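A short worksheet on the structure shown next.
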Amino acid sequence: TEYDLAVERMLFEALQEIAPGSAFLGEEGGLHRGTSDVEWIVDPLDGTVNFAHGIPIFCVSIGARIQGELALGVIHQPLLNETFTATRGGGAHLNGAPIRVSNTPRLADSILVTGFPYNVHTNPQGCIEQFATVVRSGLPVRRLGSAALDLAYIAAGRFDGYWEVELQPWDMAAGSLLVLEAGGDVTHYGGRPLVLGSDSIIATNGRIHHALVELLERQDAP
């Protein structure tokens with residue numbers, strides 16, 4: 001929408017003032033190379049389809065890498081006035097108050113959240129079978145339509161686990177740091193270490209991580 005473009009332009013200008021010469025990777029405008037060690041990774045409006053239909057579930061997501069390492073994450077939900085922040089080694093916060101992942105000990109007691117890619121009809125990485133596997137297990141699953149908020153809500157203990165495919169760096173940069181700094185785990189499928197730009201993600205409170213990884217690998221046939 002026009003708002004995606006306008007917000008990204010505003011953020012590009014504002015972040016350049018904060019860190020002159022920094023690189024900028026945005027969902028709408030792509031990569032602008034910089035001359036410093038700082039790179040901003042921005043989704044100006046995550047949940048655009050929700051926003052366009054008047055569904056009040058969307059956010060702004062800003063991550064920062066310094067010398068290639070995630071160092072900062074901010075996710076802002078304007079309608080609820082909730083700002084989730086994380087700095088590497090400094091913990092995760094919601095409106096300035098510390099947050100932690102949930103204490104749910106077992107996958108069987110968990111509430112999960114997921115999303116579907118725009119090309120779900122092609123069934124990338126067996127995402128349809130994965131969803132069916134989780135639903136058949138009897139676990140409650142929600143679908144908000146904003147990957148960044150899904151991750152922020154894992155960090156805040158509102159959900160216990162999250163998985164999705166076909167994500168981009170701006171979808172997961174800020175949120176993955178939030179989860180890690182809140183005490184959770186974030187990996188790719190199979191438990192592989194997270195690398196921004198690889199397109200699968202599993203994020204949990206840590207206690208259920210191995211069990212969710214194993215469940216998603218089952219991919220029961222319909």
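The first residue of the sequence shown is numbered 1, and numbering continues consecutively from there. Quick caveat: nothing in here was measured; it's all calculated off a predicted structure. Side-chain atoms are counted along with the backbone in the values below, which use heavy atoms only and exclude waters and symmetry mates.
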Is there side-chain contact between [X] and [Y], with heavy atoms separated by less than 4.5 Å?
| X | Y | answer |
| --- | --- | --- |
| S200 | E164 | no |
| Y153 | L144 | yes |
| V42 | F24 | yes |
| I18 | W40 | yes |

How far apart are the closest heavy atoms of [X] and [Y], and which atoms are they?
| X | Y | answer |
| --- | --- | --- |
| P44 | V7 | O-CG1, 3.5 Å |
| S176 | V186 | O-CG2, 3.8 Å |
| S22 | S36 | CA-OG, 3.3 Å |
| L196 | I41 | CD1-CD1, 3.9 Å |
| G29 | E8 | N-OE2, 2.6 Å |
| G184 | V101 | N-CG1, 3.7 Å |

Hey, does the side chain of Q168 reach the backbone of D171 with a donor-acceptor pair shorter than 3.5 angstrom?
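A pair under 3.5 Å: no.
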
Donor-acceptor pair between [X] and [Y] side chains, under 3.5 angstrom:
| X | Y | result |
| --- | --- | --- |
| Y189 | Q130 | yes |
| E129 | N123 | yes |
| D185 | T204 | no |
| T104 | D109 | no |

Pairs where residues 69-82 contributes a residue and the test salt bridge (Lys or Arg N to Asp or Glu O under 4.0 Å) is met, not counting sequence neighbours
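Residue pairs with at least one partner in residues 69-82: E69-R88, E82-R158.
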
Can you tell me how far [atom2] of [Y] sits from [atom1] of [X], rounded to the nearest 0.5 angstrom?
| X | Y | atom1 | atom2 | result |
| --- | --- | --- | --- | --- |
| T83 | I75 | OG1 | CD1 | 10.5 Å |
| W163 | L216 | CH2 | CG | 6.5 Å |
| H93 | L178 | NE2 | CG | 10.5 Å |
| M172 | L177 | CE | CG | 13.5 Å |

Which one of L112, D150, I111, T114 satisfies the side chain to side chain contact (heavy atoms under 4.5 Å, CB included) criterion with R142?
I111

Checking side chain to side chain contact (heavy atoms under 4.5 Å, CB included) against L212, which of I202, T187, L139, D160 comes through?
I202

Per-pair distances, 0.1 Å, donor-acceptor, side chain in residues 54-65, under 3.5 Å, sequence neighbours excluded:
| from | atom 1 | to | atom 2 | distance (Å) |
| --- | --- | --- | --- | --- |
| R65 | NE | E39 | OE1 | 3.1 |
| R65 | NH2 | E39 | OE1 | 2.9 |

Does anything in residues 48-59 form a side chain to side chain donor-acceptor pair (under 3.5 Å)? List the pairs, not counting sequence neighbours.
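As it turns out, the side chain to side chain donor-acceptor pair (under 3.5 Å) pairs with a partner in residues 48-59, which skip direct neighbours, are D4-T48.
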
Taking the six-membered ring for Trp and the full ring for Phe, Tyr or His, determine whether the centres of F116 and F131 are under 6.0 Å apart.
yes

Taking the ring of F12 and the ring of H32, is the distance between their centroids below 6.0 Å?
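Distance test on ring centres: under 6.0 Å, yes.
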
